[in-house]
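Worksheet: one structure, shown below.
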Amino acid sequence: MSDVKISGLHKHFDHVHVLKGIDLTIPAGEFTVLVGPSGCGKSTLLRTIAGLEEVESGDISIAGNVVNDVRPRDRNIAMVFQNYALYPYLTVFENIAFGLRARKTPEVEIQFRVKSAADMLGITNLLERLPRQLSGGQRQRVAIGRAIVRNAQLFLFDEPLSNLDAQLRDEMRSEIKRLHQELGITMIYVTHDQIEAMTLADRIVLMREGRIEQMGPPLHLYEKPQSIFVAGFLGSPKINFIPGTVVQTKEGMSLALLEGETVALPNGPFKVGQSVTLGIRPQHLGYAGGSSPIAGEVRLRRTIELVQPTGSRTFITLRVGGVSVMAETNSADAGEPGDPIELSFSSIDALFFDPGSGNALGVG
Amino acid sequence: MNALFSRRARQSFILAGRYVLIALLLFFFVFPIYWLFIISFKTPDEIFHFPPVWVPKSIQFANYWVLFKDGDAITVWNSLVLASTSTIIAMVIGTMGAYSLVRFKTGGENLAVWVISQRLMPPIAIIFPVFLLYVYFGLVDTYLGLIILYTAFNLPYVIWMMRGYIEDIPLELEESALVDGCTRWEVLRKVVFPMARTGLFATAVFTFVFSWNEFIFAFVLTRTEVVTYTVQVTHYFGGQSNFWAKIAAMSVLGTVPVFITVATLQRFLVRGISMGAVKG
């Protein structure tokens with residue numbers, strides 16, 4: 001188990017500035033997920049930690065040792081690649097044993113370690129097969145097996161599940177999480193899938209255009225996003241953004257929507273007339289109950305534009321403030337497009353952003 | 001029923017036509033080789049007999065025996081030494097060069113194009129300076145001299161071909177090996193060579209055949225010590241008469257090694273060439 005410290009890391013590819021000063025500390029034993037849209041630099045960051053990309057400026061240290069000039073083989077890390085990176089000419093056993101053989105491990109120990117890793121992953125019956133005789137999920141297990149046998153101090157995953165179909169992906173995700181709990185090794189995992197990030201991570205590092213946009217525990221990022229980008233990236237279905245203008249009401253500063261509803265604003269540097277974007281997650285929008293709104297409740301009376309049932313939940317689309325807004329409800333019978341509907345949300349659940357800078361405003 | 005019969009009849013007719021065509025083509029391509037082999041086993045009488053002797057009454061090895069007795073057969077050995085040594089050297093250096101071009105982008109795009117452009121030069125263009133240079137360094141009529149030249153001529157081809165095959169190896173396989181504890185050399189040995197095996201064999205065969213068939217340099221740069229079989233054969237074409245028996249026997253000796261090589265590596269060749277074709 002080792003911690004990883006990264007400070008002031010910069011990286012260019014030709015003229016493109018891919019990493020623009022990354023500062024990051026990953027505590028030992030933690031599962032950290034680097035997430036972000038494609039091209040945000042997350043894979044480059046991971047590959048730089050692995051030593052597959054050179055450090056341009058800044059420092060990377062693993063377990064207290066600066067490894068900038070240490071070759072990948074001497075960093076004692078294990079890496080799982082997106083395309084499994086299995087050697088097609090070697091059997092599953094030899095694929096798993098590859099790293100051990102490269103390190104001149106005694107044969108008896110190789111046998112023992114490969115077998116116990118195979119046991120752990122349930123692939124003991126596949127050891128004599130060639131990679132081309134395996135399914136996608138089995139290949140991924142072999143790739144993980146190759147990392148496990150190594151007793152590495154740090155595990156790196158580069159989008160390991162993106163080539164699997166949805167069902168297998170769920171299965172392997174749980175497997176990886178279980179593995180982390182059993183081994184307790186520091187793991188860094190790159191994905192562009194926010195569900196993988198939310199479910200796996202002890203800590204999410206959300207990246208954007210070569211910078212860290214926000215990092216912290218998944219729920220913290222989900223509930224207290226620092227920007228429109230973070231709020232929009234995490235959560236499915238996506239959070240609704242509704243434009244509004246700050247007005248002064250009897251109760252204090254409020255945000256007025258296009259149709260006239262007002263949402264109480266938290267304390268913060270709001271000015272009357274200022275444009276503010278309201279963020280409200282679909283699951284916080286529900287059917288209005290009771291005859292009159294309770295304190296802090298905002299009611300929206302609209303007509304249904306679109307209904308999308310999924311079985312357990314139903315997504316209803318309506319128009320608020322000139323934009324499409326989605327609500328997630330439990331109701332199986334949500335109505336038809338054109339039907340009137342009254343939804344409500346609590347202003348406690350509302351998030352506020354500056355539409356110009358995209359930054360979060362006030363204390364939600 | 002009638003229609004079915006006629007269709008079946010037509011199909012048989014087409015099939016028969018195809019076999020006839022194949023037989024004709026085979027005859028056209030194989031007969032000269034058959035004739036060469038047959039001459040090499042004939043007596044002088046049979047060779048000049050008219051009408052021609054299509055199948056000799058007995059197989060006799062006198063023509064070959066003469067080649068071995070006079071020491072002419074050593075030229076096949078010379079060719080073998082030159083071709084295999086230069087092939088091995090060109091393959092080793094060329095594969096490493098190709099790896100460097102692909103993975104480290106050595107010299108950018110231009111170096112790779114320059115390398116292949118070297119192959120386009122007609123050998124005759126440099127034969128004069130090479131000859132003078134070799135005289136100066138005492139390399140005329142030595143194995144070393146021809147090995148250097150053949151290696152130099154084959155290198156661009158090896159680099160170009162291997163570049164294509166190495167580009168096809170997923171980078172992740174090598175990176176995974178690097179992380180797992182391999183040095184670059186081990187990556188080359190444990191990942192690149194096995195992955196590019198087909199291409200290695202196919203390229204090696206072509207390189208070997210090129211050196212094996214080479215004539216012009218061998219003709220100019222050998223005297224007595226390392227004469228190759230291609231040069232030796234020309235000695236049998238005289239001003240007054242041609243030694244057909246010797247020509248045939250020597251040609252057979254020169255064909256057999258290539259035949260064996262190609263036959264053994266056939267499965268690599270077919271795949272290797274088609275892979276190269278796709279890569280362009």
Side-chain angles (χ1 to χ4, degrees), chain A residues 13-14 43 46-54 62 67 70-90 94-105 130-131 139 142-160 163, chain B residues 91 95 99-112 162 164-204 265 267-272 274-276 278-279:
Chain A
F13 284 137
D14 292 328
S43 273
L46 190 80
R47 292 168 55 81
T48 316
I49 297 172
L52 296 171
E53 302 286 348
E54 276 174 40
I62 301 175
V67 294
V70 177
R71 287 183 297 182
R73 64 188 292 248
D74 299 323
R75 295 190 185 197
N76 194 17
I77 48 181
M79 188 160 173
V80 177
F81 292 84
Q82 181 176 352
N83 297 319
Y84 322 128
L86 302 182
Y87 307 107
Y89 47 90
L90 295 179
E94 286 304 322
N95 262 289
I96 297 178
F98 189 89
L100 299 175
R101 293 211 192 282
R103 283 163 205 274
K104 316 264 183 296
T105 315
L130 287 172
R139 284 179 202 187
V142 176
I144 293 172
R146 201 165 55 181
I148 297 178
V149 285
R150 287 265 321 282
N151 280 349
Q153 58 175 338
L154 176 63
F155 270 35
L156 306 177
F157 294 89
D158 192 3
E159 308 215 20
N163 285 2
Chain B
M91 287 307 294
T95 306
Y99 185 80
S100 167
L101 284 180
V102 174
R103 292 296 186 230
F104 306 130
K105 306 273 177 266
T106 310
E109 266 304 296
N110 297 334
L111 185 63
M162 291 316 298
Y165 294 119
I166 292 171
E167 272 173 351
D168 284 348
I169 301 174
L171 187 58
E172 285 190 344
L173 287 185
E174 293 182 36
E175 291 180 336
S176 179
L178 283 175
V179 171
D180 269 350
C182 289
T183 59
R184 275 286 169 190
W185 286 108
E186 286 170 336
V187 166
L188 217 56
R189 200 159 52 81
K190 292 181 178 172
V191 180
V192 175
F193 289 166
M195 285 298 290
R197 200 173 54 143
T198 309
L200 279 168
F201 281 126
T203 309
L265 297 177
R267 68 195 173 102
F268 293 113
L269 272 183
V270 176
R271 262 197 301 165
S274 55
M275 269 165 66
V278 174
K279 271 313 281 184

**Asked** To the nearest 0.5 Å, what is the distance between CZ (R103(A)) and SG (C182(B))?
**Response** 8.5 Å

**Prompt:** Can you check whether F98(A) reaches V191(B) side chain to side chain, under 4.5 Å on heavy atoms?
**Reply:** yes

**Item:** Residue pair S176(B) / R146(A): nearest heavy atoms and the distance that separates them
**Value:** OG-NH2, 2.9 Å

**Asked** Mind checking whether P72(A) and E175(B) have side chains closer than 4.5 Å, heavy atoms only?
**Response** no

**Side chain / backbone / both / neither for L52(A) at chain B, heavy atoms under 4.5 Å** = side chain

**Asked** Counting N and O atoms only, with roles assigned by atom type, does the side chain of Y87(A) sit under 3.5 Å from a partner on the main chain of A177(B), one being a donor and the other an acceptor?
**Response** yes

**Message:** Just so I understand: if I count every heavy-atom pair under 4.5 Å between each of N76(A), V80(A), L86(A) and chain B, which residue has the most?
**Reply:** L86(A)

**Beyond-backbone contact of D180(B) with R150(A), side-chain heavy atoms, under 4.5 angstrom** = yes

**Message:** Determine whether a donor-acceptor pair (N or O, by modelled atom type, separation under 3.5 Å) exists between the side chain of Y89(A) and the backbone of M195(B).
**Reply:** no

**Complete:** Heaviest contributor of heavy-atom pairs below 4.5 Å to chain B, chosen from L90(A), I77(A), N83(A), is N83(A)

**Asked** Going from CG on L178(B) to CE on M79(A), what distance comes out if it is rounded to the nearest 0.5 angstrom?
**Response** 11.0 Å

**Criterion side chain to side chain donor-acceptor pair (under 3.5 Å) on R71(A) and T183(B), from CA distance to verdict** = CA-CA 9 Å; R71(A) 287 183 297 182; T183(B) 59; 5.8 Å; no

**Prompt:** At a heavy-atom separation under 4.5 Å, does L100(A) approach chain B through its side chain, its backbone, both, or neither?
**Reply:** neither

**Prompt:** Of the non-hydrogen atoms in Q82(A) and E172(B), which two are nearest, and what is the gap between them?
**Reply:** N-OE2, 3.7 Å

**Request:** Identify which part of R47(A) has an atom lying under 4.5 Å from any heavy atom of chain B, answering side chain, backbone, both or neither.
**Result:** side chain

**Option that, when pairs with chain A are counted at under 4.5 Å, heavy atom only, ranks first among E174(B), E186(B), R197(B), K190(B)** = K190(B)

